[in-house]
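This report concerns only the one structure given below.
Chain letters run A, B, ... following the sequence lines, proteins first, then strands; residues in each count from 1.
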Amino acid sequence: MSDTDSSSALREGDAPGLSADLDAVREALVEWYEADHREFPWRRTEDPYAILVSEVMSQQTQLDRVVPAWEDFLERWPTAADLVDADRADVVAFWSGHSLGYNNRATYLHEAAEQVETEYDGSFPESPGELQELMGVGPYTANAVASFAFNAGDAVVDTNVKRVLHRAFAVPDDDAAFERVADGLMPADVSRVWNNAIMELGGVACGKKPRCDEEGCPWREWCHAYQTGDFTAPDVPTQPSFDGSRRQFRGRIVRALSNHDELTLDELGPKIRVDYSPDGEHGREWLEGLLTDLAEDGLLDVEGSDDRTVAKLSE
DNA sequence: TTCCAGCCAT
DNA sequence: ATGGCTGGAA
């Protein structure tokens, strides 16, 4: 169920292609998932901390690349209490060192662990609503953790689920409609297996390139796209190119500082771009702007000014 | 080029 | 409501 619209029934036009035989649709998906699915290590635990770590890492990062990072992370900080005791600089350095991207997610995770320790005495809340109060945890992640750790989540709606619902049941490309249909489709008290199953379907059989027959999609007999041959997916906004972007330089700064403890502007500049010159277009002023923003994101500490400015990863 | 289990700040 | 954040791989 959505955080914003907790008890909405389906509306006219939400799912013109949804079969009347809801129970058959539901059963087919769960049976398909249980018969065969990818093995990820976080699917073998019910520890909410371990699951939160996997979910935060998985946001915009391919799952195969998350596996080794997740294993290393939990070996280093096995519990939320261990993570709270860690220096934030070490958590950020770990994140950067494992090429997980979006370094501020490392700070969110560290902050969330602190919230669990101080506000919940070390034991995770179980409801999506409370989970969503944790730093870095939005509607998707709250329902994922509630589902996979406690079997107590509402239907998740991510890009996989949207694509599946849009194709299978002709749900219009509208967030509220996706929420209502996802809710209406999920059987009661099975959020753990259900949310795994529907995302598995979107990841394996109903990806950008559909593999309906190869993967034995359980919904072929009801699927609007399978019948019409129109596998259009909801638009995913395209990102501006990464090369030469501001994000690229933020990433390089974090990586440089995780290797060098602390650096002045003129030491750091040449490490992140070959054409750095203190008074040039990409000089101290430019670099200081990036550092200030990174500091506001809680990733860095910056002290001093002008040529004596020194940056390091935050404590 | 485009994609990938989103969330936060404004 | 919109922009910013990351980097490896297909």
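For the segment residues 40-50 of chain A, the set of residues with a heavy atom within less than 4.0 Å of an atom of DNA chain B comprises A:W42, A:R43, in numerical order. A heavy atom lying under 4.0 Å from DNA chain B marks none of the residues of residues 75-84 of chain A.
Separation of atoms CG (A:L134) and OH (A:Y108) is listed at 13.5 Å; rounding is to 0.5 Å.
No more than 12 heavy atoms of other residues, nucleotides or ligands lie within 6.0 Å of CZ in A:R308, so this atom counts as exposed by the packing criterion. Annotation for A:E285: atom CD does not count as buried by contact number, only 12 or fewer foreign heavy atoms lying within 6.0 Å. Open room surrounds CG on A:D189; 12 or fewer heavy atoms of other groups in view lie less than 6.0 Å from it.
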Please, what dot-bracket string fits DNA chain B when only Watson-Crick and G-U pairs with both distances under 3.5 Å count, crossing ones use [ ] and pairs to another strand use |? ||||.|||||
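Between A:D213 and A:R220 there is a salt bridge, since at least one side-chain N of the basic residue sits less than 4.0 Å from a carboxylate O of the acidic one. The pair A:E200-A:R43 meets the salt-bridge criterion, with a side-chain N (NZ, NE, NH1 or NH2) lying under 4.0 Å from an Asp/Glu carboxylate O. Remark: A:R284 does not engage A:E288 in a salt bridge, criterion side-chain N to carboxylate O under 4.0 Å.
Toward the 5′ end of DNA chain C lies the nearest nucleotide of A:R105, the other residue of the pair A:S99 and A:R105 mapping further downstream. Checking A:N196 against A:G136, the closest nucleotide of DNA chain B that is more toward the 5' end is the one next to A:N196. Comparing A:G138 and A:G207 against DNA chain B, the residue whose closest nucleotide sits nearer the 5' end is A:G207.
Read 5' to 3', the first and last nucleotides of DNA chain C with an atom closer than 4.0 Å to a heavy atom of chain A are C:dG4 to C:dG8.
As rounded to whole Å, 12 Å separates atom P of B:dA5 from atom CZ of A:F148. For the pair A:D297 CG and B:dC7 C1', the interatomic distance rounds to 12 Å; values are reported in whole Å. As a whole-Å value, the separation of A:Q62 CD from B:dG6 C1' is 14 Å. One can place CG of A:D175 at 12 Å from P of B:dC7, the figure rounded to the nearest angstrom. Separating the OH atom of A:Y140 from the C1' atom of B:dG6 is a distance of 9 Å, rounded to the nearest angstrom. Here the P atom of nucleotide B:dC8 and the CG atom of A:L294 are 18 Å apart, to the nearest Å. One can place CZ of A:R250 at 12 Å from C1' of B:dA9, the figure rounded to the nearest angstrom. The interatomic distance linking A:Q115 (CD) with B:dC8 (C1') rounds to 13 Å, in whole Å.
C:dT6 and B:dT10: their P atoms are spaced 16 Å apart (whole Å). The same atom, P, is picked in B:dA5 and in C:dG3; the two are 23 Å apart, to the nearest Å.
Within the structure, every side-chain polar atom (N or O) of A:R163 is placed at least 4.0 Å from both OP1 and OP2 of B:dC3.
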For a salt bridge (charged side-chain N to carboxylate O under 4.0 Å, His left out) check, start with the C-alpha distance between A:D297 and A:R250, then their side-chain angles and the critical distance, and finish with the verdict. CA-CA 11 Å; A:D297 286 346; A:R250 286 177 50 116; 2.8 Å; yes
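Among the atoms of the strands shown, only primed sugar atoms or phosphate atoms (P, OP1, OP2) are found under 4.0 Å from some heavy atom of A:V137. At the heavy-atom level, A:N195 lies nowhere under 4.0 Å from the strands shown. Using a 4.0 Å heavy-atom distance criterion, A:T159 is classed as a sugar-phosphate-only contact. At a threshold of 4.0 angstrom between heavy atoms, the contacts of A:S96 with the nucleic acid are absent.
Residue pairs that meet the ring pair (Phe, Tyr, Trp, His ring centres under 6.0 Å) test with at least one member in residues 165-205 of chain A, sequence neighbours left out, are A:F169-A:W219. Pairs of residues two or more places apart, or lying in two chains, that qualify as salt bridge (Lys or Arg N to Asp or Glu O under 4.0 Å) and include a residue from residues 60-89 of chain A are A:R88-A:E111.
Ring centroids of A:F94 and A:W77 are separated by less than 6.0 Å, placing the two rings close together. A:F249 and A:W286 have their aromatic ring centers within a separation under 6.0 angstrom.
With a 4.5 Å cut-off on side-chain heavy atoms, A:L263 and A:K271 count as touching.
Cation-pi geometry between A:R105 and A:Y102 is met: the NZ or CZ atom falls under 6.0 Å from the ring centre, inside 45° of the normal.
Paired with A:I253 under the rule side-chain contact (heavy atoms from CB on, under 4.5 Å), one option of A:L313, A:L294, A:N103 passes, and it is A:L294.
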